[in-house]
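What follows is a short report on a single structure.
Because the structure is predicted, anything quoted here is derived from the model rather than measured.
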Amino acid sequence: MSLMAYDEQLAERVRIILEPRGEFTERSMFGGLAFLVNTHMACGLMREGLMVRVGKPHYDAALERGAEVMLFTGRPMRGMVLVPETLIADDAGLESWVSSGVDFALSEPPKKPKVSKGG
């Protein structure tokens, strides 16, 4: 049994889509893996599948495209959606959803680097 809380094959497919779009980083988050662009989370992988940060302005449109409400501690996280496997089974579908997250991350000003305290 794997200890990973996400699908590593899906992670590799996301990396292939992100690479030509520019610099990105990966970080363990929510018990899964988050992909950050422009210092903001664009999308991530959890046991439940692909989550995409579409932002509050695009949330309803993402739900209309077939995404599902993402619950965190039992409450909906407006601005974040879960994308069913059927919508990301092919590369075009996955690219469309990952691009939604990247576009939103790029629309936000980069976060300032945290200053470390002490020494």
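Note on residues 87-99: pairs passing salt bridge (Lys or Arg N to Asp or Glu O under 4.0 Å), not counting sequence neighbours, are Arg13-Asp91. Each side chain to side chain donor-acceptor pair (under 3.5 Å) pair with one or both residues in residues 32-44, not counting sequence neighbours, would appear here, but there are none. Here salt bridge (Lys or Arg N to Asp or Glu O under 4.0 Å) pairs that include residues 23-44, with residues two or more places apart or in two chains, are Arg15-Glu26.
Looking at residues two or more places apart in sequence or on another chain, you find a side-chain hydrogen bond (donor to acceptor under 3.5 Å, both in side chains) between Glu108 and Arg53. With sequence neighbours left out, Thr25 forms a side-chain hydrogen bond (donor to acceptor under 3.5 Å, both in side chains) with no residue at all.
Residue Leu50 holds its CG atom at 4.5 Å from CD1 of Ile88, rounded to the nearest 0.5 Å. With rounding to the nearest 0.5 angstrom, the CE atom of Met46 is 13.5 Å from the CG atom of Asp7.
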In residues 56-67, what donor-acceptor pairs under 3.5 Å come from side-chain atoms, sequence neighbours left out?
| residue | atom | partner | partner atom | Å |
| --- | --- | --- | --- | --- |
| Arg65 | NH1 | Ser100 | OG | 3.0 |
| Arg65 | NH2 | Ser96 | OG | 2.7 |

Using atom types as modelled, flag every donor-acceptor pair under 3.5 Å from a side chain in residues 72-84 to any protein atom, sequence neighbours excluded.
none

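Only one option out of Val52, Leu18, Ile17 pairs with Val102 in a side-chain contact (heavy atoms from CB on, under 4.5 Å); it is Leu18.
Under a hydrophobic-cluster definition in which Ile, Leu, Val, Met, Phe, Trp and Tyr are linked whenever side-chain heavy atoms come within less than 4.5 Å, directly or via other members, Val98 and Leu36 are assigned to different clusters. Residues Phe24 and Phe104 do not share a hydrophobic cluster, defined by chaining ILVMFWY side chains whose heavy atoms lie under 4.5 Å apart. In terms of hydrophobic clustering, with Ile, Leu, Val, Met, Phe, Trp and Tyr side chains grouped at heavy-atom distances under 4.5 Å, Val54 and Val69 are assigned to a common cluster.
For Glu12, the CD atom is densely surrounded, since the number of other residues' heavy atoms within 6.0 Å is greater than 12.
The heavy-atom pair separating Val37 from Ala42 by the smallest distance is CG2-CB, 4.1 Å.
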Test log, rule side-chain contact (heavy atoms from CB on, under 4.5 Å), inputs Met51 and Met41 = CA-CA 10 Å; Met51 61 180 168; Met41 184 175 145; 3.4 Å; yes
Test side-chain contact (heavy atoms from CB on, under 4.5 Å) on Leu87 and Leu94 and set out the steps.
-> CA-CA 7 Å; Leu87 298 180; Leu94 181 61; over 6 Å; no
